[in-house]
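Remarks on the structure that follows.
Just follow the structure's listing: the first ligand is 1, and inside any ligand the first atom is 1. What you see is a predicted model, and the numbers here were worked out from it, not measured in a lab.
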Amino acid sequence: MSEVTGSPKWSRRKFSTACIGFGIGAAAPSYGQLRQDLDLLPRGSDAFAKSCGIFNTDVHLQPQIIAKCRSVDAVSKAIHYANERGLPVAVRSGGHSFVGHCLNDNGVVIDLTEMNRHSLLPDGVGFVADPAVKLGGVYELLLPRRRLLPAGSCAGVGLAGLTLGGGYGLFARQYGLTCDHLEGVTFVSGSGEVIDSEDDADLLWAARGGGNGNFGVAVSFRFRTQPAPAFIAAERFVASLSGVSQTVSLMRRWFEIATALPDPIFAALVLNHKGASVLMTSTYAETGPAFSRASAQFRAAGMKSKGSSRVEPMRSVKRYYGRTEPLPFRNFSGGFYQGMADIEGAAEGIVSALRSESGLIFQINTLGGQIANGPESAYAHRAYPFLGEVQAYWEPGQSEKRERLVAATDRIRLGLQQSGVSRHYRNYPSLDFSDWENAYYGSRYSKLQQLKKKYDPSNLFRGSQRVSLET
Ligand SMILES: Cc1cc2nc3c(=O)[nH]c(=O)nc-3n(C[C@H](O)[C@H](O)[C@H](O)COP(=O)(O)OP(=O)(O)OC[C@H]3O[C@@H](n4cnc5c(N)ncnc54)[C@H](O)[C@@H]3O)c2cc1C
C-alpha cells in the first residue's frame, strides 16, 4: 500500500513495557486475550502453513509460533510472549534471506509482512517506511514523483532486511548504499522496549549494516531520497567462451575496464556454463563519452553488444525486477575484492565448476564510488570496489541436480577461501562461512557485541550467525 500524506501517518513513539499491560513475569496472555493486531499462529495450523514459506523454497525451518504483527504494540507483545516462554526469536520482513535467517527451528518468528505502509514526506525528500515494504513498492511510489531511494533491483526483496545489511544496486556507486540514506530508525528491543535512533545514536550506527535479526525488531525507517535521474541508459554484452583460460582472460579484462568506470556507471559480469555477459547501466547517456568508451572496451575484449537503450527510470528499473515467485536455490557471497588479484588463484576453479553444470552462476558487481564515502557504520566493506556472488538454481524435485550444484558451489566457496577471500556481504550469507563474524562485520563486530548487551541482554534474538553476547 502506498500513499503520499500531508503529514506522516505515524510518528516516533516511545513507551516502555509498563504501557503495554503485561511484562516479563506477568501472567502469559492466552491467544484469545491478544488483540487484533497480533495473531499467534501455532505450528500445525492452516494459517501457519500459509505463512511459513519464504522466497527460497530450499529452506525447511519450522518455528513453533509465527507471530503476525500489525503494529509496534503487537511486536512488543510478541517479544514478551517469547521472553516468557524462553523461546528464541527471528524476524521476518520481505522473507528473501538466502538461508532463512528470517525463520528458526522451534522458536517464535515475528512476521511483519502486514506492516507495509510507506510515504514520501511533504518536503518531497524524506521517505518513511514500515519494515515489510518491498523494493518494487518503493520504486513505484518514488520514481513517478521524481525521487529515488538507491536500493537493490528485485521487486520482492524487503526494504528492511536489505537496509539493515547494507543494500546496494544500480545506483549505489553514484549515491551510496541504501543504509547510507537511513536517517532514523525505531526498534523494539529484546525486552520489548521501543527505542529510537533520535535518542540513541548507536542504534542508527548498528542499523546501517549490522541490524539484521541481531538485537531487536526494526519497526520504522526514515530515509532521505535523491532526485531521480531523467533516464537510465543500459547496454548488454555477451560472449560464448570456448575454454577456461579464455574465460579467465575475460575476467581479468573485465576488472581492468570496471575499475576505471566513473561513479554513474554500474556494471555486472555474469558467468555461467555457456559463457559470459556484462550488463552496464548508467545515468549518463549511452551516447556520451564515458559510456561509449566503456562500451568500446567491452567490444574490444571480444564481447558482442546486444544493443543499448535509454529509457525513463521506472521502465528501466522494472526490467530488473526479477522473479517474485519462490524457488529453490543456493546463493551466497563470493566475497569482496579489490580486483582480479584477489581471485586470481581461484579463477580457473570457478570457471571449471561453472562449466560442469547448467544452473550455476558466478556474478561480479561493481561497488566503490560513493559507497566509499558513506558514514561510519556497522557496514564494514566500504573499501572494496567489487562484490562476487555465487548462485545455483534448479527445478523443484531435481534432487540429484541439487546435490551436484551444491557440491559445485562448495568447490567455488573453498577455492575462494583458499585464495584468501575472507570478507563477505551480510545480505548474501552462507551457513558454511568460517569466521562469519569477521567476514560480515570485520572490526565492527566488537561494537555490535556491546550493543547486543545493551539492546538484547537476555539473547532473545539468537540462532545461527546472530551477533553473540559472548566475547
Ligand atoms: C532475489 C533476490 C535479489 C536480491 N537482490 C539484492 C540486491 O540487488 N542488493 C542487495 O543489497 N541485496 C539483494 N538481495 C539480498 C537481500 O538484501 C537480503 O536477502 C535481505 O536480507 C532481504 O531482506 P528481506 O526483508 O526480504 O528478508 P528477510 O528474510 O525477511 O530478512 C533477512 C534478514 O534480516 C532480518 N530482518 C528482516 N526484517 C527485520 C526487521 N524489521 N528488524 C530486524 N531484523 C530484520 C531477518 O531476521 C534476517 O536476518 C537479494 C536477495 C534475493 C533473494
Side-chain angles (χ1 to χ4, degrees), residues 53-59 61 63 69 72 75 79 88-104 107-113 115-116 129-137 139 150-172 177-179 185-190 203 206-207 209-221 266 268 317 320-333 363 365 367 371 379 381 387 389 391 393 425-429 440 455-456 460-467:
I54 63 169
F55 187 67
N56 186 354
T57 59
D58 198 46
V59 171
L61 297 169
C69 299
V72 177
V75 172
I79 283 177
V89 166
V91 191
R92 172 193 179 142
S93 289
H96 271 56
S97 166
F98 288 175
V99 295
H101 277 147
C102 52
L103 299 177
N104 56 22
V108 173
V109 168
I110 294 194
D111 181 323
L112 305 166
T113 48
M115 292 175 68
N116 57 9
D130 278 355
V133 168
K134 297 192 172 184
L135 299 188
Y139 290 123
S153 306
C154 290
V157 170
L159 181 60
L162 178 107
T163 303
L164 295 171
Y168 81 93
L170 305 181
F171 309 102
L177 298 169
T178 315
C179 71
V185 65
T186 309
F187 263 75
V188 182
S189 73
L203 195 60
N212 302 86
N214 283 327
F215 48 75
V217 183
V219 288
S220 177
F221 296 80
F266 165 88
V317 163
Y320 311 113
Y321 266 7
R323 168 183 172 139
T324 48
E325 305 80 42
L327 75 165
F329 64 91
R330 169 159 301 206
N331 293 5
F332 53 85
S333 166
Q363 179 165 341
N365 297 302
L367 300 178
I371 297 172
Y379 182 80
H381 315 289
L387 170 63
E389 185 185 2
Q391 307 174 20
Y393 303 96
Y425 182 30
R426 173 63 184 85
N427 276 349
Y428 289 175
Y440 298 148
Y455 302 131
D456 183 27
L460 188 71
F461 298 88
R462 58 186 182 271
S464 80
Q465 299 192 343
R466 308 302 201 276
V467 169

Return the CG to OG distance between Leu162 and Ser93, rounded to the nearest 0.5 Å. 11.0 Å

For Asn56, which residues count as a side-chain hydrogen bond (donor to acceptor under 3.5 Å, both in side chains) partner, sequence neighbours excluded? none

Asn365: partners by side-chain hydrogen bond (donor to acceptor under 3.5 Å, both in side chains), with sequence neighbours left out: Tyr168, Gln363

Contact residues of ligand 1 with a heavy-atom cut-off of under 4.0 Å? Phe55, Val91, Arg92, Ser93, Gly94, Gly95, His96, Ser97, Phe98, His101, Cys102, Leu112, Pro131, Gly152, Ser153, Cys154, Val157, Gly158, Ala160, Gly161, Leu162, Leu164, Gly167, Tyr168, Gly211, Asn212, Gly213, Gly216, Val217, Ala218, Tyr425, Arg426, Asn427, Tyr428

How many angstroms lie between CG in Asp456 and CZ in Phe187, if you round to the nearest 0.5 Å? 11.0 Å

Could you tell me how the ring of Tyr428 sits relative to the ring of Phe98: parallel (under 30°), tilted (30 to 60°) or perpendicular (over 60°)? parallel

Can you name the residues that form a side-chain contact (heavy atoms from CB on, under 4.5 Å) with Arg466, not counting sequence neighbours? Ala90, His101, Asn214, Ser464

